[in-house]
Amino acid sequence: MNWKQGASVFVLLAAIGVGVWFHSGTSVDLDPKALRERIEGLGWWAPLGFMAAAGLRPFLLLPSFVVMSAGGLLFGMFQGILLSTIGFSLGAILDFVLARGLGREAVQKRMRPGRLAALDAFLSDRGAPWLGFYTALPVTVLTPVFAAAGLSGMSLGPFALWVTLGLLPRTALYSYFGDSWTKGSTDIIVSTLVLASACVVGVVVASRLLRNRRGGSPGGD
């Protein structure tokens, strides 16, 4: 094990430890209001605490929609968009760097033969702009794809840029939804309809995006 792998393992274990601490004595798995209450208790540190929760979300075992919606509940729509985008962007970079630090060989041993090479070809074919578009869809899975990009030949700069651009519409949608819960019933109904419609469209687009890719399936699924 080289020093990069050692450092990555250390950071990974530390992040898991934070997740265990975060969940001790409380359950916020699928409840944006519970997450809001947990972060509100930080007082002036709440914005930093929220961005940390967004960045470490995979290790806190929190779905992205819970964290993004909690941002709207806590800070309103526009500040929620800003803080969510920053936090999730930093989290995406962390996923990317950790995967790259662990190394292709270490991960390849736990994957089916040829799967990582197919993933490389897929990301090379589509590129970072495709990843940004994929991130923007409100129903797509984020963490495994960000980690996979770290194992590919993609550079960190384009990855960070396009993922951040992709996060903007996604965080806007969920921040709007969360913010509506602080207002009247009409706002809640409208935001729920908007979110439901966006998710339906997202499912259709994501399925076509993955089904019609060139060069075959990266995962063989």
Side-chain angles (χ1 to χ4, degrees), residues 19 22-23 25-95 131-146 160-209:
F22 182 80
H23 282 279
T26 187
S27 176
V28 296
D29 292 353
L30 297 173
D31 188 354
K33 291 183 178 180
L35 179 60
R36 176 189 64 177
E37 292 171 1
R38 185 73 184 263
I39 294 177
E40 274 183 332
L42 299 175
W44 289 99
W45 294 97
L48 288 177
F50 175 78
M51 286 190 291
L56 296 173
R57 176 194 62 82
F59 307 101
L60 303 181
L61 304 179
L62 294 173
S64 61
F65 77 88
V66 170
V67 180
M68 292 178 181
S69 298
L73 274 168
L74 269 165
F75 307 107
M77 179 176 174
F78 295 105
Q79 192 175 358
I81 294 172
L82 175 64
L83 296 177
S84 289
T85 301
I86 293 173
F88 274 82
S89 295
L90 293 175
I93 292 171
L94 176 63
D95 296 336
L131 192 58
F133 181 68
Y134 173 89
T135 302
L137 300 175
V139 293
T140 50
V141 177
L142 299 179
T143 303
V145 176
F146 294 160
L161 172 63
W162 284 99
V163 164
T164 299
L165 292 175
L167 281 168
L168 284 170
R170 188 176 185 131
T171 58
L173 179 64
Y174 284 109
S175 294
Y176 165 62
F177 176 72
D179 182 45
S180 72
W181 284 83
T182 65
K183 301 176 180 178
S185 58
T186 301
D187 294 274
I188 295 173
I189 293 171
V190 171
S191 69
T192 301
L193 291 174
V194 170
L195 178 60
S197 300
C199 287
V200 170
V201 172
V203 168
V204 174
V205 173
S207 63
R208 292 184 177 180
L209 190 67

So, for [X] and [Y], which heavy atoms are closest and what is the spacing to 0.1 Å?
| X | Y | result |
| --- | --- | --- |
| Leu83 | Met51 | O-CG, 3.5 Å |
| Gly55 | Leu94 | O-CD2, 4.4 Å |
| Leu42 | Gly49 | CD1-CA, 3.7 Å |
| Pro138 | Ala198 | CG-O, 3.5 Å |
| Pro58 | Thr143 | CG-OG1, 3.3 Å |
| Ser69 | Phe177 | OG-CD2, 3.6 Å |

[Y] backbone acceptor or donor facing [X] side chain under 3.5 Å:
| X | Y | result |
| --- | --- | --- |
| Tyr176 | Gly72 | no |
| Thr182 | Asp179 | yes |
| Ser84 | Ile81 | no |

Approximate separation, where rounding is to 0.5 Å, of [X] [atom1] and [Y] [atom2]:
| X | Y | atom1 | atom2 | answer |
| --- | --- | --- | --- | --- |
| Thr135 | Phe146 | OG1 | CZ | 4.0 Å |
| Trp45 | Ile39 | CH2 | CD1 | 15.0 Å |
| Ile86 | Leu48 | CD1 | CG | 10.0 Å |
| Phe75 | Glu40 | CZ | CD | 8.5 Å |

- Item | Stepwise side-chain contact (heavy atoms from CB on, under 4.5 Å) check, Trp162 with Leu131 | CA-CA 7 Å; Trp162 284 99; Leu131 192 58; 5.5 Å; no
- Message: Contact between Met68 and Leu173 at the side-chain level, heavy atoms closer than 4.5 Å - yes or no?
- Response: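 No, too far: nothing below the 4.5 Å cut-off.
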- Side chains of Thr164 and Phe88: does their closest heavy-atom pair fall under 4.5 Å?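 SC-SC contact between Thr164 and Phe88 ruled out.
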- Task: Start with the C-alpha gap between Val141 and Tyr134, add the side-chain angles, then the distance that decides, and say whether side-chain contact (heavy atoms from CB on, under 4.5 Å) holds.
- Result: CA-CA 9 Å; Val141 177; Tyr134 173 89; 4.2 Å; yes
- Message: My understanding is that only residues two or more places apart in sequence, or in another chain, count here; which of them pass side-chain hydrogen bond (donor to acceptor under 3.5 Å, both in side chains) with Ser180?
- Response: Ser191
- Looking at Val139, Leu137, Thr140, which hits side-chain contact (heavy atoms from CB on, under 4.5 Å) with Val203? Val139
- Taking the six-membered ring for Trp, are Phe65 and Tyr174 parallel (under 30°), tilted (30 to 60°) or perpendicular (over 60°)?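 The rings of Phe65 and Tyr174 sit tilted, inter-plane angle from 30° to 60°.
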- Item | Candidate pair Val205 and Phe133, rule side-chain contact (heavy atoms from CB on, under 4.5 Å), full reasoning | CA-CA 10 Å; Val205 173; Phe133 181 68; 3.8 Å; yes
